[in-house]
Amino acid sequence: MNPTPSMPVPPPWDGDVARARALQLELAAAVRLRDDYPPLRRLAGVDVGFEDGGAITRAAAVLLDARTLAPLAERVARLPTRMPYIPGLLSFRELPAVLEALGALPETPDLVFVDGQGIAHPRGLGIAAHLGVITGLPAIGVAKKILVGTHGEVGPRRGDRVELRYRGKVVGAVLRSKEKVRPLVVSPGHRVGLESAPELVLACCTRYRLPEPTRLADRIASRRDRGGSLFP
DNA sequence: GCGACAG
DNA sequence: ATCTTGTCGC
């Protein structure tokens, strides 16, 4: 992704929870849930970790070949942490660092996988949806736990899934990405449909619970990369 | 009023 | 998310 001139970022945290929530409602209105992504050539995965007991926010972005899922580039961004974790306002805490790492990638991805919720959120704007609306890029949220919503039992086989409902609406899917592991919570972030999101995530799940884009970003963001880059 | 609550 | 080693189960 080239030096992007005007990529709007969340305003500095001022402690005003009510205003942040109001902004989420505005941005949620811009979310598009229709499949509208280009032929997939490049994928990206982003995730966040912390250093100094939370003082530093460390974001990682990984670029992958969509066909082979092989990593092509990785970027890390470190920023002073501006606000505490508040359920429902996660994106305001993590997005600044994520956008910096994403913007530093050598190419603009066709689709971004984000560790967290898409529209499966109290106001329809989880971090994946927030990122999508702000960057204009197609995005999907892949979370390890539910924030809101309910669902029936999920089958035991890879690929089995059930709808995630919130306030009478389908907002995502609970997907078994691999046998004998807890299912993932998948929800569209932007420019991706409710049916396509789980399909795209599953296509990126090889031998682990998490899809490659998010799994690789997670390794780097959480300092588990064991000494260095993905390219030995 | 009492829980629940992505990372 | 993070603090943290070995250990039990598939």
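Each chain gets a letter, A, B and so on, in the order the sequences are listed, and its residues count up from 1.
- In this structure, I86(A) reaches neither bases nor backbone, as no heavy-atom distance under 4.0 Å exists between it and the strands shown.
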- prompt: Where does DNA chain B pair, written as one dot-bracket string 5' to 3', with Watson-Crick or G-U pairs under 3.5 Å, ( ) inside the strand, [ ] for crossing pairs and | for another strand?
  reply: .......
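- Using a 4.0 Å heavy-atom distance criterion, L184(A) is classed as making no nucleic acid contact.
- The pair D65(A)-R41(A) does not count as a salt bridge, with every side-chain nitrogen at least 4.0 angstrom from each carboxylate oxygen.
- Counting any heavy atom pair closer than 4.0 Å across all strands shown, F50(A) reaches sugar-phosphate atoms only and no base atom.
- Nucleic acid contact class of G49(A) (heavy atoms, under 4.0 Å, all strands): sugar-phosphate only.
- Along DNA chain B, read 5' to 3', the first and last nucleotides having any atom under 4.0 Å from a heavy atom of chain A are dC5(B) to dG7(B).
- Using cut-offs of 30° and 60° on the angle between ring planes, the pair F92(A) and W13(A) is tilted.
- Under a cutoff of 6.0 Å and an axis angle of 45°, R215(A) and Y208(A) form a cation-pi pair.
- Looking only at atom types and distance, the side chain of T214(A) has no donor-acceptor partner in the side chain of D115(A) under 3.5 Å away.
- Across all strands shown, G141(A) has no heavy atoms under 4.0 Å from either base or sugar-phosphate atoms.
- When side chains are defined from C-beta on, L33(A) counts as touching P188(A), because their heavy atoms get closer than 4.5 Å.
- Between L89(A) and Q24(A), the closest side-chain pair of non-hydrogen atoms falls below 4.5 Å.
- Contact annotation: the side chain of I127(A) approaches that of E94(A) to within less than 4.5 Å [non-hydrogen atoms, C-beta and beyond].
- Summarising the geometry, the separation between CZ on R158(A) and P on dC10(C) is reported as 22 Å, rounded to the nearest angstrom.
- Every residue was checked against the side chain to side chain donor-acceptor pair (under 3.5 Å) condition with S177(A), not counting sequence neighbours, and none meets it.
- Along DNA chain C, the nucleotide nearest to S222(A) and the one nearest to K180(A) differ in position, and the one closer to the 5' end is contacted by S222(A).
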